[in-house]
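So that the names make sense, note that chain A is the first sequence line, chain B the second, and so on, each numbered from 1. Since we're looking at a predicted model, the values are computed, not measured.
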Number of protein chains: 2
Amino acid sequence: MKRKTFGPVTSQQVAQIAGVSQSAVSRTFTPGASISPATREKVLKAARELGYRPNAIARSLNTARSRIVGVVMSYFDNQFYPQVLEALAQKLDELNYHLLLFVGDRDGNVDRIFDQIMQYRVDGIVLASVSLSIELSEECLAAGIPVVLFNRSEENGVASSVNTDNEAAARQIAAFLLAGEHKRFAYIAGLSDSSVNQARQNGFVNLLKQKGIEDIRVVQGDYDAKITARAASKLFSSPQPPDAIFAANDHMALTVMDVARYEFGLRIPEDVSVIGYDDTGPSGWPSYALTSASQPVDEMVSATIALLMKQIESESIEPEQVVVPGVLVVRHSARRPRSGVVEKDGLSLFQPQEVE
Amino acid sequence: MKRKTFGPVTSQQVAQIAGVSQSAVSRTFTPGASISPATREKVLKAARELGYRPNAIARSLNTARSRIVGVVMSYFDNQFYPQVLEALAQKLDELNYHLLLFVGDRDGNVDRIFDQIMQYRVDGIVLASVSLSIELSEECLAAGIPVVLFNRSEENGVASSVNTDNEAAARQIAAFLLAGEHKRFAYIAGLSDSSVNQARQNGFVNLLKQKGIEDIRVVQGDYDAKITARAASKLFSSPQPPDAIFAANDHMALTVMDVARYEFGLRIPEDVSVIGYDDTGPSGWPSYALTSASQPVDEMVSATIALLMKQIESESIEPEQVVVPGVLVVRHSARRPRSGVVEKDGLSLFQPQEVE
DNA sequence: CTGAAAGCGCTTACAG
DNA sequence: CTGAAAGCGCTTACAG
């Protein structure tokens, strides 16, 4: 029983049919507003008849709350990010927030996107795998718009962030490979200006150096499959190819495995061990069975949303850096050490007595 | 040189600083509006000083155009969809539209989500891997809001849709497997109420029957990795396991390959051939090298957006069903027939002289 | 609890 | 080209 009016139904039209004021209609759809059950019923009935839905855009205009969170994301071919996106959308939805999606430019230039986001007067921003210039960070801070860097951090403490302990996890990976008696180490780096890459590289290299390993080969994979494949080829064709490779993320690690096996006929882990970071979908597939440092998507997303909500509520934003605990999930892509691997909830984890 | 006012800068404030009317400010930021260069400059200068950005929400309210497209998507663990999402967001952005993302419920219930979408007065809706009830389709039609079903279709012709020719492609796959002299055929089905599954199943089964093959095993994978793994196990442990399997999508096909190899020690394609549908990322990874019917993401997304834009422009919506051509990409997961495989742009394609 | 009214930040005829 | 003004569809003090 819908009226064929032009355009969507307005609260005014509902009011007329219900025989009440437009204010009454508005109150009916505002949780907590003072409205008598009788009036409410009349309004709901009329609304149902007309197929009325409150206009969220109009509401936003005078509440100064859009209930929209802007999300900038890149690397959709890396399973980790779609999983994050799905979790973000779902959890925001539960809180009756909505997600406006932007794809980060390849050159990492957020400025143009940033302008778009701001025009929609979003209540908060999540930057996944993207960094933000200090100027823009400060602008958000001044404008009272919370920004959370997801899987990236920023040194000046101007922006909030959610990460795992990249450096500690990378040290653990180094310790794991050492315990597995590997001799020749290589690191496949992500984009060198990415904070997580820096932390992972530092953790890995520093622990090895500390243990007396000086010759660590670092090659750039830049989070890109093709660049990674070339880098891996180069490593494997060198006179002394590595027997232990840590790639800055799973996506690159999988590429390294494919190159090792299908271009060089190497066996994994007999000839070379490969470890990644993210513990995302394909890493658990039997064809790869990648040993990987986990980034728990749900916990990271929950932390992100908790931060966002807290900052949306409060008047002044206190930037906060959250570190979510992860584990080293041991599968079959890397030789296992004699000890230190424990079973837990159906997974094998590396938990040596003492980690430095 | 930002003014520390509370809340974002308004056109009113810019007008005051620039010494012009608020209308002039508005015109400055409305492409094509009549404004003199001199006034325009004054406004731009003031806007820059104050850090002004037009409020898209307020603009939407009186243009009755939000420039937002609502997208509902599921199956984020199937690479095909994130790729689609990325392309959608990018192409919409180029047209200065924006993407409001919703995650489809597991039970396929779009109604609650639909309500949310409509409240934001989106200019259009894309439903990827989700179906829409006829009532809601008709409501959108009446409200003048274009809806495009992506990789799904709907029989009543009420909604627009973009698909590949699922039935023809499935027939081609059957022909390919027959030409490869396979004997025992199985189909791993997606959710049985999904239109693409039905078309793929029909095409596959019908061509085989037409060629005198009666015994075709159909098992449910339901687009779910666990269910698919169980179904595959059952197939392989049966007395007469299939030597040719077509899975309704790549994501299930990869699972089938892993089960075949790692649970049953089968060689692919020597012992069993596996073919998928989507030709998405991991299918090209050497560990799988999956033969698969392609769904060209860019073409499909472009068609979707073209449809959407046409319908947004026009007053009355003419539902349209677009079929995007795909190809059968031949890799190494299925035995190749003696003839019919041609090389093109670095890919091997199945293009027999005649396909029925 | 209820309604009339102001106002959110814009766009866009309208008159000049 | 420009400004004053109405209006987009709501929310929310305010007075009753």
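- Side-chain contact between V126(B) and L88(B) is present, with heavy atoms from C-beta onward closer than 4.5 Å.
- Closest approach to the Q22(B) side chain among dA5(D), dG9(D), dG3(C) is made by dA5(D) (side chain taken as heavy atoms from C-beta onward).
- Between S23(B) and dG3(D) there is no side-chain N or O to OP1 or OP2 distance below 4.0 Å.
- Among the protein residues, T10(B) comes within range of the sugar-phosphate backbone only, with heavy atoms under 4.0 Å from sugar or phosphate atoms but none that close to a base.
- Distance noted for atom C1' between dG16(D) and dT12(D): 16 Å (whole Å).
- Of all nucleotides listed (dG9(D), dG3(D), dC1(C)), dC1(C) comes nearest to the side chain of S34(A).
- Residue S11(B) has a polar side-chain atom (N or O) positioned under 4.0 Å from OP1 or OP2 of dC10(C).
- When the side-chain nitrogen and oxygen atoms of T63(A) are compared with OP1 and OP2 of dT12(D), none of them lie within a distance under 4.0 Å.
- The pair D93(A)-R112(B) meets the salt-bridge criterion, since a charged nitrogen lies less than 4.0 angstrom from a carboxylate oxygen.
- Counted within 6.0 Å of CD on Q16(B), heavy atoms from surrounding residues, nucleotides or ligands total 12 or fewer; the atom is thus considered open.
- Note: CD1 (I57(A)) to C1' (dC10(D)) measures 11 Å, nearest angstrom.
- For dC14(D) and dC10(D), the P atoms lie 24 Å apart once the distance is rounded to whole Å.
- Each of dG3(D), dG7(D), dT2(C) was ranked by its minimum atom distance to the side chain of A24(B); first place goes to dG3(D).
- Pairing for dG3(D) is with dC14(C), a Watson-Crick or G-U wobble pair whose two hydrogen-bonding atom distances lie under 3.5 Å.
- Judged purely by atom type and a 3.5 angstrom limit, Q90(B) has no side-chain atom pairing as donor or acceptor with the backbone of V103(A).
- A ring-centre distance under 6.0 Å is not found for Y75(A) and F80(A).
- Rounding to whole angstrom units, CD of residue Q119(B) and P of dG9(D) are separated by 15 Å.
- Residue side chain N55(A) does not reach the base of dC10(D) through any donor-acceptor N/O pair under 3.5 Å, judged by distance alone.
- Side-chain N/O atoms of R121(B) and base N/O atoms of dG9(D) include no donor-acceptor pair closer than 3.5 Å.
- Atom pair N62(B):CG and dC10(D):P shows a separation of 14 Å (rounding to whole Å applied).
- Heavy atoms of Y52(B) sit under 4.0 angstrom from primed sugar atoms or phosphate atoms, though from no base atom.
- In this structure, L61(B) places its CG atom 12 Å from P of dC10(C), rounding to the nearest Å.
- Between the P atom of dA5(C) and the CD atom of Q12(A) lies a distance of 13 Å, rounded to the nearest Å.
- Atom-to-atom, CZ of R65(B) to C1' of dC8(D) comes out at 14 Å; the value is rounded to the nearest Å.
- Residue-environment remark: CD (Q119(A)) exceeds the threshold of 12 foreign heavy atoms within 6.0 Å.
- A close approach under 4.0 Å does occur between a side-chain nitrogen or oxygen of S21(A) and OP1 or OP2 of dG3(C).
- In this structure, CD of E41(B) is placed 15 Å from P of dC1(D), rounded to the nearest angstrom.
- Residue T39(A) places no side-chain N or O under 4.0 Å from the OP1 or OP2 atom of dC1(C).
- Look at CZ on R67(B): it is 17 Å from P on dC10(C), rounded to the nearest Å.
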